[in-house]
Structures are given as C-alpha cells and as structure tokens.
Engineer: 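Okay, here's the structure, questions in a sec.
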Amino acid sequence: VQLQASGGGLVQAGGYLRLSCAASGSIFSINAMGWYRQAPGKQRELVADITSGGSTKYADSVKGRFTIFRDNAKNTVYLQMNSLKPEDTGVYYCNAAVIPFRGSIREYSYWGQGTQVTVSS
C-alpha cells in the first residue's frame, strides 16, 4: 500500500491550501484516515482525522479553519486549510488504517511521504 500526498507549498498568512492523499495498492477498505504535521524541533502531532463513516476530529489549534474530508471511492483524504498562520508551518503527513482484504482481522497503518507547508508572515 502506498499513500501519495500532494498540495503543499508556500503561502502568505491568511491564505489557503488544499492537501490531498491518495492510497493505492492492496486495499479492501480503509478505516480512519488522518493528517499529522511536524514542525521543526517538535514532535509529530495530529491535525485532523476522519472515520470511514465521516466522523471527524480536529486539533484545537485548527478548529474552524481546517476541514478534513474523504472520497471513499477514490481512497483519498483531503485537508482544506483556510486562514493559514505561520504556526501552521511544517511537514504534513497523511495516515491510513487499511484493511487489506475481506476477512482480515486487523488493520495496518500506513504513512505518506510528507508534504511541506510554509506560511509566511
């Protein structure tokens, strides 16, 4: 299974970006999908995640500004980031909890390669 993330870049404060992450490979279904970020010198933290049924969870720092959504038919998760702040700068990673085949009794966690988001003040 591979996760391909895209959509990062350089943007001014107050601007917006949309990240995408597409999963491919041996996939029967995907449970939770999420976005994490890692700022320089800091630990990786959860930004937002979404279940297969559409329930979402956000870090307090992004509530009201970021929206996570997914297209289950395309095995793709998105992160719409509005009103970006310099403190949103970091490498954003996507994650997926994959059920590889029907009847699998466990899920497997996969990570994308990371996409850089830089917000200038």
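We use all heavy atoms of the structure for the numbers below, so side chains are in, but hydrogens, waters and symmetry mates are not.
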Engineer: How close do Q113 and L3 get, heavy atom to heavy atom, and via which atoms?
Structural biologist: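 What the structure gives for the nearest pair is OE1-O, 3.5 Å.
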Engineer: Under the 3.5 angstrom rule, does the side chain of T76 hit a backbone N or O of K74 as a donor-acceptor pair?
Structural biologist: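 Side chain of T76 to backbone of K74, a donor-acceptor pair under 3.5 Å: yes, one is there.
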Engineer: Can you tell me how far the CD atom of Q12 sits from the OG atom of S120, to the nearest 0.5 Å?
Structural biologist: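 The distance works out to 5.0 Å.
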Engineer: Stepwise, does the side-chain contact (heavy atoms from CB on, under 4.5 Å) test hold for L17 with L84?
Structural biologist: CA-CA 8 Å; L17 287 172; L84 282 161; 4.1 Å; yes
Engineer: Which heavy atom of G112 sits nearest a heavy atom of Y93, and at what distance?
Structural biologist: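 Result for this residue pair: O-CD2, 3.7 Å.
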Engineer: Report whether I99 and M33 are members of the same hydrophobic cluster (ILVMFWY, side-chain heavy atoms less than 4.5 Å apart, transitive linking).
Structural biologist: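 Each belongs to a different hydrophobic cluster.
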Engineer: Could you walk me through whether K57 and T51 pass the side-chain contact (heavy atoms from CB on, under 4.5 Å) test, one step at a time?
Structural biologist: CA-CA 9 Å; K57 180 172 60 182; T51 68; over 6 Å; no
Engineer: Minimum heavy-atom separation for V47 and Y92, please, with both atom names.
Structural biologist: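 Closest approach of V47 to Y92: CG2-CE2, 4.1 Å.
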Engineer: First locate atom SG of C94, then atom CG of D49, and finally report the distance between them rounded to the nearest 0.5 Å.
Structural biologist: 13.0 Å
Engineer: Would you check if V1 and I27 make a side-chain contact, meaning some heavy-atom pair closer than 4.5 Å?
Structural biologist: yes
Engineer: Would the distance check show the side chain of S104 and the main-chain N or O of F101 forming a donor-acceptor pair, the cut-off being under 3.5 Å?
Structural biologist: no
Engineer: To the nearest 0.5 angstrom, please state how far the OG atom of S20 sits from the CD atom of Q4.
Structural biologist: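 Output value for this atom pair is 10.5 Å.
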Engineer: If you apply the rule side-chain contact (heavy atoms from CB on, under 4.5 Å), what do you find for K85 with S121, and how did you get there?
Structural biologist: CA-CA 8 Å; K85 303 177 180 180; S121 58; over 6 Å; no
Engineer: Hydrophobic clustering (ILVMFWY, side-chain heavy atoms < 4.5 Å, transitive) - are M81 and Y78 grouped together?
Structural biologist: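 No: no chain of side-chain contacts under 4.5 Å links Y78 to M81.
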Engineer: Can you find a side-chain donor-acceptor pair between R44 and Y36 that sits under 3.5 Å?
Structural biologist: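 Short answer, no.
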Engineer: Hydrophobic clusters here meaning ILVMFWY residues chained together by side-chain heavy-atom distances under 4.5 Å, can you tell me if Y58 and L19 are in one?
Structural biologist: yes
Engineer: Look up atom CD1 in I68 and atom OG in S55, then write down how far apart they are to the nearest 0.5 Å.
Structural biologist: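 One gets 11.5 Å once the value is rounded to the nearest 0.5 Å.
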Engineer: Write down the atom of D88, the atom of R37, and the distance for their closest heavy-atom approach.
Structural biologist: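 Minimum heavy-atom separation between D88 and R37: OD1-NH1, 2.9 Å.
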Engineer: What's the shortest heavy-atom distance between W111 and N95, and which atoms?
Structural biologist: CE2-ND2, 3.2 Å
Engineer: With a cut-off of under 6.0 Å to the ring centre and 45° to the axis, is R18 in cation-pi contact with Y16?
Structural biologist: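 Not flagged: R18 not positioned over aromatic ring of Y16.
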Engineer: Quick one: pull up CD in E107 and CG in N31 and give me the separation to the nearest 0.5 Å.
Structural biologist: 4.5 Å
Engineer: When hydrophobic residues are tied together by side-chain contacts of less than 4.5 Å, even through go-betweens, does V117 share a cluster with V91?
Structural biologist: no
Engineer: V77 and F28: same hydrophobic cluster, using ILVMFWY side-chain contacts below 4.5 Å?
Structural biologist: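 In one cluster: no.
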Engineer: State whether K63 and D60 are salt-bridged, where the test is any N-O pair (Lys NZ or Arg NE/NH1/NH2 against Asp/Glu carboxylate O) under 4.0 Å.
Structural biologist: yes
Engineer: What verdict does the side-chain hydrogen bond (donor to acceptor under 3.5 Å, both in side chains) test give for Q116 and T118, after you've listed the backbone C-alpha separation in whole Å, the side-chain angles of each residue and the deciding distance to 0.1 Å?
Structural biologist: CA-CA 6 Å; Q116 176 71 44; T118 303; 3.3 Å; yes
Engineer: I'd like to know if the side chain of T89 reaches the main chain of V119, judged simply by a donor and an acceptor atom lying under 3.5 Å from each other, with no hydrogens or angles considered.
Structural biologist: yes
Engineer: What distance do N75 atom CG and S24 atom OG have between them, rounded to the nearest 0.5 Å?
Structural biologist: 8.5 Å
Engineer: If you compare all heavy atoms of T115 against all heavy atoms of G8, which two are closest, and at what distance to 0.1 Å?
Structural biologist: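 Result for this residue pair: OG1-N, 3.2 Å.
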